[in-house]
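Notes for the one structure printed next.
Each chain gets a letter, A, B and so on, in the order the sequences are listed, and its residues count up from 1. Side-chain atoms are counted along with the backbone in the values below, which use heavy atoms only and exclude waters and symmetry mates. Just so you know, these numbers come straight off a predicted model, no measurement behind them.
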Amino acid sequence: MSDSIADVLSTKIAERILKQPNRVIKPEEPLISSGLIDSFSLVDLALIVEDEFGVRIDDSELNADTFDTLDALVKLIESRK
Amino acid sequence: MRNFTTTLKNHYDTHPDRTSLVVQLAGKEDQSISYRDLLRGSAGWASLYREHNIQPGEVVILIMQHSVELVYAYWGAVLHGAIPSILPYLTEKLSPERYREDLASLVDISQPAAIVTFPEFEAEVRSALHKGDSVRAVILTGQDIPVDPDFSTLGGMQRQPEEIVLLQHSSGTTGLQKGIALSHKSVFNQLDTYSARLKVNPEDDVIVSWLPLYHDMGLIACYLMPILYGIKLVIMSPFDWVRAPYRLLQSVTRYRGTLSWLPNFAYVFCAEKIRDRDLEGVDLSSWRAVTNCSEPVRILAHEKFAERFAAFGLKKDALVTSYAMAENTFAVTQSGVGVPVTVDLVDREAVQTEWEARPASDGRDALRMLSSGRPISNTQVRIFDKNGKPMPERKIGEVGIQSDCMLTGFYHRDDLTKKAFIDGWYLTGDYGYVADGELYVTGRKKDLIIVGGKNIYPADLEHLAMEVKGVHPGRVVAFGVFNEESGTEEVVIVSEVDVDDPAEKEAIANEIRRVVTRGSAVALRHVYLVPAKWIIKTSSGKTARPANREKYLKEMASK
């Protein structure tokens with residue numbers, strides 16, 4: 001299961017946020033602290049997670065302390081499914 | 001005498017219990033601050049500055065997150081007669097090394113006597129300082145004790161109207177080296193005029209803002225104006241807003257907000273990224289003017305916003321526009337409050353090839369230009385051709401302005417100040433035309449990129465990109481391309497590289513994205529790698545940004 005969550009996230013982030021459809025995001029790659037997902041795109045990320053997995057991420061959780069990698073985000077999603 | 005301090009004293013004397021501002025922070029109770037609270041809290045800071053031997057007329061830099069402390073530290077500097085300037089806080093993505101370098105270069109030019117920050121940021125600030133620089137004190141929050149102000153001893157009471165009251169910087173190396181210095185008198189001349197144009201009534205009006213205070217729109221319209229003119233201000237953190245844009249609408253509902261200011265992209269952002277469940281109970285009927293300002297204004301953004309929020313009581317005529325710049329303190333123009341913004345249908349081809357905004361005839365491809373309104377009454381606008389000759393209505397040229405609220409100068413940069421004025425006119429670097437007395441901004445002469453209302457200097461981005469291995473000095477160019485969908489400009493970097501291997505090229509492109517994103521206020525998405533000799537240079541060997549932008553757009557269109 002977790003593989004497919006990571007795959008879906010990687011694809012959607014690459015397409016909708018990075019606008020580089022071929023970009024593959026590694027599980028350990030920093031997302032927020034690196035600026036790969038900038039502050040204007042955090043809401044998009046929350047929308048992607050909710051639309052794809054039915055899991056809500058509160059706006060107070062949209063920061064690198066809560067999750068900064070795909071791995072951590074997948075864990076967060078799994079814990080709430 | 002009328003200055004910032006005597007004005008605050010009047011509020012304190014006549015209505016100490018009136019709410020001056022409500023500070024909102026996600027996850028915390030809203031904190032309501034009366035004029036008594038404001039003056040007492042700020043007087044505590046004024047004492048602190050005095051204890052640190054900061055003199056009236058010296059610069060105090062504030063590096064603080066959105067907080068009540070920031071408000072008190074700012075007005076404390078004013079009461080003391082010092083010159084405050086708010087700088088952006090280090091964001092999660094920005095590299096600490098870059099921040100340090102930028103701060104060090106700001107210290108070199110603006111020569112602050114003190115820097116105020118939170119204890120957790122002290123080490124960062126100190127690492128940018130060195131022996132022999134101007135900074136005599138790094139003052140940390142948590143030491144101030146509110147006191148009743150003793151106006152007979154406050155240095156701010158003696159500040160003359162012509163003296164500098166504040167500095168304003170925009171981000172990046174270039175922006176930080178160009179502090180805009182404003183006098184008490186300029187700020188009052190601007191705000192007397194501007195508040196009259198907006199028909200502000202302190203008894204009824206409530207300003208709701210999420211804008212950062214290191215930017216003119218947030219600082220002048222949504223911070224100084226309400227506090228100096230006794231208008232209630234509800235202020236939230238830009239960090240909270242960008243993660244939860246619905247907060248703005250909920251605050252307007254809760255506090256019956258009447259006035260707000262937004263950059264163009266924020267209309268689209270709110271329209272597209274707020275879920276219905278976050279709009280429950282939202283009522284925007286109190287909003288009488290939401291001013292679109294600080295980046296190119298577009299009719300599409302207004303349409304998206306109006307359509308999304310009409311069902312929540314938004315009045316269509318509440319959406320208005322302004323053309324503003326920190327050099328004029330703030331507003332140059334403002335469209336009429338309570339009336340629809342004029343939309344001018346002009347012939348697209350004539351705009352592009354003849355530099356004329358000719359009304360579109362039937363069947364011709366029309367450009368829908370959104371008016372920025374008429375000049376406010378203390379500001380004159382004139383359009384100049386490239387030889388400095390004034391142009392008639394509907395001819396496109398450079399926008400020049402003249403007013404009694406211009407900057408005193410770029411702080412400690414007399415060289416730049418001198419260059420900015422020609423025969424008493426300030427040339428803005430923007431292109432536009434006037435029709436029926438209203439200003440329409442069509443483009444930009446200066447090499448500035450505006451992303452989400454933030455001013456970005458392309459030279460800063462190019463220097464960052466040159467740090468990447470495989471990118472060579474002078475062979476990289478940065479420019480902005482307007483994206484109608486998102487309502488703002490996107491940054492594009494074109495770089496010549498000597499490799500052909502796709503994987504190697506991809507690695508260079510990603511490294512450019514990373515370095516520029518970590519070193520600047522933008523998140524870079526678009527990198528276009530090209531072979532040697534692609535980039536167009538002027539005859540003097542400089543990179544011609546507009547020409548390269550045209551070439552890039554042409555290649556993209558043919559792909």
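Salt-bridge annotation for K19(A) and E485(B): absent, with no side-chain N of the basic residue lying under 4.0 Å from a carboxylate O of the acidic one. With respect to D38(A) and R525(B), a salt bridge is recorded, a charged nitrogen being found less than 4.0 Å from a carboxylate O.
Interface check for chain A: of the options V242(B), T517(B), L94(B), the most heavy-atom pairs under 4.5 Å are formed by V242(B). Counting heavy-atom pairs closer than 4.5 Å to chain A, the top residue among E272(B), R275(B), R247(B) is R275(B). Of the listed residues P30(A), G35(A), A46(A), the one with more heavy-atom pairs under 4.5 angstrom with chain B than any other is G35(A).
Applying the ring pair (Phe, Tyr, Trp, His ring centres under 6.0 Å) test between F40(A) and each of F265(B), F239(B), W241(B) identifies F265(B) as the sole match.
In H463(B), the NE2 atom is not crowded: 12 or fewer heavy atoms of neighbouring residues, nucleotides or ligands sit closer than 6.0 Å. Annotation: E484(B), atom CD; neighbour count of heavy atoms from other residues, nucleotides and ligands within 6.0 Å is above 12. Within a 6.0 Å radius of CG in D501(B), more than 12 heavy atoms belonging to other residues, nucleotides or ligands are found. Atom NZ of K273(B) has more than 12 neighbouring heavy atoms from other residues, nucleotides or ligands inside a 6.0 Å radius. In E120(B), the CD atom is crowded: over 12 heavy atoms of neighbouring residues, nucleotides or ligands sit closer than 6.0 Å. Heavy-atom neighbours of E61(A) CD from other residues, nucleotides or ligands within 6.0 Å: above the threshold of 12. The number of heavy-atom neighbours closer than 6.0 Å to CZ of R80(A), taken from other residues, nucleotides and ligands shown, is above 12.
Heavy-atom distances place no part of N22(A) under 4.5 Å from chain B, backbone and side chain included. Proximity to chain B involves both the backbone and the side chain of L47(A), based on heavy atoms less than 4.5 angstrom apart. Contact annotation for N510(B): only side-chain heavy atoms (C-beta onward) come within less than 4.5 Å of a heavy atom of chain A. In this structure, no portion of P238(B) lies under 4.5 Å from any heavy atom of chain A. The part of L36(A) that comes within reach of chain B is its backbone (N, CA, C, O), which places non-hydrogen atoms under 4.5 angstrom from that chain.
Here R23(A) contributes atom CZ and R513(B) contributes atom CZ; the two are 7.5 Å apart, rounded to the nearest 0.5 Å. With values rounded to the nearest 0.5 angstrom, K93(B) atom NZ is found 9.5 Å from S34(A) atom OG.
Side-chain atoms of S39(A) and T91(B), non-hydrogen and from C-beta on, never get closer than 4.5 Å to each other. In this structure, E92(B) and D68(A) have side chains that are not in contact, with every pair of non-hydrogen atoms separated by 4.5 Å or more.
Heavy-atom minimum distance, L62(A) versus R243(B): O-NE, 2.7 Å.
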